[in-house]
Amino acid sequence: MKIDELYALLRRRGVLWPSAEIYGGAQGLYDYGPLGAALKRRIEDAWSAWFLGLSRDYYRIEPSEIVPESVVRASGHLENFTDPEVVCEACHTPVRAETLLEKERPGGVDGLTPSQIGEVLRAHQIRCPTCGSTALGVPRPFNLMFSIPFGVDGEERAYLLPETAQGSYLAFARMRDVGRKALPLGIGVIGKAYRNEIAPRQVLFRMRAFTQAELQIFFDPNDFAVPFAEVRDEKVPVVRAAERERGHAEGEVVPASALAASGLPEFYVYHLVHLLRFLRDVLGYPAERIRFLEKSEAERAFYNRIQFDAEVFLESLGGFKEVGAIHYRGDYDLTRHSVASGKDLAASRKDGSSVLPHVLELTFGVDRNLWALADVHLVHDGERTVWRLPAYLAPVPLAVFPLIAKEHAAYALRLADAMATEGVPVQYDDASSIGRRYARMDEVGTPYCVTVDGETVAEGPGQGTVTLRARDSRAQERIATAELASRLRPTLRPPRPTDREVPAVRSVR
RNA sequence: GCGGGCAUAGUGUAGUCUGGUCAUCACAUAGGCUUGCCAAGCCUAUAACUCGGGUUCAAAUCCCGGUGCCCGCACCA
């Protein structure tokens with residue numbers, strides 16, 4: 001589906017809509033409705049089950065999303081996010097205005113408006129340091145962080161975190177002390193990040209407030225053993241940076257062992273494979289629509305030593321789009337925070353020596369994946385529209401209908417209540433015809449529909465059998481109401497990496 | 001942010017060029033009748049010209065501005 005069609009469908013069904021809609025909306029801000037909020041929660045639960053399930057030493061915390069200025073100063077965001085920037089129109093290289101003008105205005109550019117900076121650039125015939133052109137663009141402020149007055153007199157400043165990761169770095173010292181002292185230590189956070197984007201676009205793909213699920217793994221660079229044998233034969237679709245530079249953008253599918261042989265650390269490949277398995281086996285993206293794009297040295301942030309973006313091909317957005325990434329950040333973050341705070345952030349080894357941990361960061365865009373799950377699984381199937389979500393991701397896993405509202409409603413309502421009590425989220429519906437009810441539930445991804453009929457009622461309260469109808473096959477079977485919850489519940493639990501066999505994603509029979 | 005395009009019920013649309021009936025049609029939604037399993041039928045109801053200003057006897061229609069959306073460029077440390 002195209003972006004407008006998909007977005008209209010999601011709005012109509014109450015999955016999501018523009019924030020402040022009655023005032024004309026606000027760019028880059030969205031509200032999730034009942035279905036969207038439920039789906040998002042299930043994505044987050046599935047992420048937690050999978051990634052925190054990788055190790056007993058991976059924990060989930062919930063740090064503050066507002067931080068004092070000292071934090072963003074240390075992390076480098078203040079410097080990089082607030083200076084006016086000029087882009088060369090000839091070679092497209094972005095340069096900070098301050099760098100260009102350091103000879104002419106040693107005092108810096110603070111206090112000048114962007115257009116004043118532009119005048120100074122022209123007056124002095126400043127050239128692009130990369131290509132020498134004088135065709136420099138109009139400077140513009142580069143303040144992608146939201147700042148807020150902080151404290152009673154409002155003289156201090158605080159910032160909304162522009163990336164979730166910082167919360168984990170701040171928490172490392174405490175976690176090191178309250179948890180096991182040994183590395184590796186994983187800190188998982190599902191939280192919001194805030195960026196005042198210049199051009200929010202494509203609905204959930206460029207938002208001003210968005211949810212990231214991130215796992216920061218702190219490890220000893222000399223000792224990070226992983227059970228690599230478990231993943232060595234996995235086929236991984238990659239687009240290597242070196243190949244791209246030679247003009248080969250198609251990518252290739254190679255075994256994990258070959259990636260490790262090419263020089264990537266085993267711990268890196270191991271986690272990359274688990275991100276692949278999560279996208280493919282848990283979220284159900286078809287293998288051929290997933291790829292890992294390696295970022296070259298020029299493309300990646302300077303502190304990243306290795307970076308692969310996980311991308312999924314999205315029809316609605318016309319190409320492969322980033323939905324997650326895996327960054328080897330080295331010791332950049334802890335070094336910065338250690339120096340700025342004056343605190344020792346080293347961890348101790350078993351032999352008593354100490355080491356400043358390195359960080360492997362697994363990031364996952366929750367909103368983007370919610371969109372991707374709609375793009376990939378919400379399809380027109382002949383006459384009907386079906387959202388083929390894995391059962392454990394479905395916002396409403398079960399619907400209960402009376403075949404004839406007048407005759408079977410009382411029984412059906414009791415059954416729906418009983419299922420809710422059993423822990424199976426359920427929706428009751430007796431409006432219009434049975435076929436239309438099935439169709440409505442198909443569209444919001446409900447994998448199971450149960451219909452109470454005359455036979456059920458005749459069999460008596462708590463006794464009867466009902467028809468259980470599967471979303472994808474539309475096949476029906478007769479099942480005792482007493483067995484319903486125990487039958488469905490296992491399919492509603494998201495897979496963990498330790499499951500002996502990851503259940504097939506399309507487990508809805 | 002720059003350039004181009006667009007904006008009519010919940011959704012998709014007709015009407016806009018050429019100003020002038022109670023703004024078209026379909027689906028949807030709600031209620032009723034009917035209905036023993038996949039968007040059936042009949043009746044009834046709900047509901048829109050993105051916002052603000054201007055021109056005019058008269059504006060969905062023409063003009064200006066705001067807001068939002070789409071595409072391209074740039075940005076995404």
Side-chain angles (χ1 to χ4, degrees), chain A residues 2-14 17-29 72 75-89 92-94 96 114 137-145 162-163 165 193 195-203 205-208 210 295 299-304 309 316-318 321-322 325 327 332 365 381-386 401-408 430-443 449-457 466-471 473-478:
Chain A
K2 296 187 302 292
I3 180 168
D4 289 333
E5 187 188 357
L6 190 55
Y7 186 28
L9 186 55
L10 296 175
R11 277 200 313 272
R12 182 160 58 80
R13 281 302 177 188
W17 53 77
S19 204
E21 199 175 11
I22 60 170
Y23 290 104
Q27 273 189 49
L29 300 175
V72 290
S75 68
H77 289 94
L78 192 60
E79 190 183 6
N80 289 316
F81 266 29
T82 56
D83 288 351
E85 185 191 75
V86 180
V87 175
C88 172
E89 289 171 355
H92 302 306
T93 305
R96 286 165 56 203
V138 178
R140 48 150 206 279
F142 202 58
N143 50 351
L144 265 62
M145 280 196 298
E163 65 170 8
R195 295 181 195 177
N196 196 7
E197 293 284 357
I198 295 165
R201 220 175 266 187
Q202 296 188 318
V203 198
F205 267 72
R206 184 85 67 87
M207 299 166 78
R208 287 195 161 125
F210 56 99
K295 291 303 186 84
E299 291 168 323
R300 64 185 184 243
F302 65 92
Y303 51 74
N304 275 337
D309 285 353
S316 61
L317 303 182
K321 299 302 253 183
E322 181 191 350
H327 303 144
Y332 171 78
D381 175 12
E383 289 287 291
R384 58 185 194 141
T385 303
V386 192
F401 310 142
L403 185 56
I404 310 284
K406 277 185 205 156
E407 298 171 24
H408 313 130
D430 62 11
S432 60
S433 70
I434 189 82
R436 192 173 302 211
R437 291 179 224 155
Y438 285 141
R440 267 197 290 261
M441 299 320 293
D442 286 343
E443 201 170 81
C449 292
V450 154
T451 299
V452 170
D453 56 24
E455 205 177 320
T456 319
V457 175
V466 290
T467 54
L468 174 65
R469 178 263 195 188
R471 178 192 62 204
S473 65
R474 298 201 270 183
Q476 292 188 0
E477 65 174 303
R478 196 119 197 134

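Quick caveat: nothing in here was measured; it's all calculated off a predicted structure. Protein chains get the first letters and strands the later ones, always in sequence-line order, with residue 1 at the start of each.
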Original post:
Within the structure, does a side-chain N or O atom of A:Arg436 lie under 4.0 Å from either OP1 or OP2 of B:A40?
Top reply: yes

**OP:** Measure from CD on A:Glu5 to P on B:C70 and round the result to the nearest Å.
**Re:** 15 Å

**OP:** Look at the side chain of A:Asp453 and the base of B:C37, then say whether one donor and one acceptor between them are separated by less than 3.5 Å.
**Re:** yes

Original post:
Which listed nucleotide (B:C70, B:G1, B:A40) is nearest to the side chain of A:Ile198?
Top reply: B:G1

Original post:
Between the main-chain N or O of A:Pro162 and the side-chain N or O of A:Arg195, is there a donor-acceptor pair closer than 3.5 Å?
Top reply: yes

Original post:
Does A:Arg195 put a side-chain nitrogen or oxygen below 4.0 Å from OP1 or OP2 of B:C75?
Top reply: no

Subject >> Dot-bracket line, read 5' to 3' along RNA chain B, where crossing pairs take [ ] and | marks a partner on another strand, Watson-Crick or G-U under 3.5 Å >> reply: (((((((..(((.......[....)))((((((.......))))))...(((((..]....))))))))))))....

Subject >> Polar side-chain contact A:Tyr7-B:C69 base: donor and acceptor under 3.5 Å >> reply: no

**OP:** Classify the side chain of A:Arg201 versus the base of B:C69 as yes if they form a donor-acceptor pair under 3.5 Å and no if they do not.
**Re:** no

Original post:
Are any of the side-chain nitrogens in A:Asp381 or A:Arg471 under 4.0 Å away from the carboxylate oxygens of its partner?
Top reply: no

**OP:** Indicate, with a heavy-atom threshold strictly under 4.0 Å, whether A:Lys2 touches base, sugar-phosphate, or nothing.
**Re:** nothing

Original post:
With no angle test and no hydrogens, is the base of B:C76 tied to the side chain of A:Glu197 by a donor-acceptor pair under 3.5 Å?
Top reply: no

Original post:
Can a side chain N or O of A:Gln27 be found less than 4.0 Å away from OP1 or OP2 on B:G68?
Top reply: yes

Original post:
Which whole number of Å gives the distance between the C1' atom of B:A7 and that of B:C49?
Top reply: 10 Å

Subject >> Pair A:Glu443 + A:Arg12, salt bridge at N-O below 4.0 Å >> reply: yes

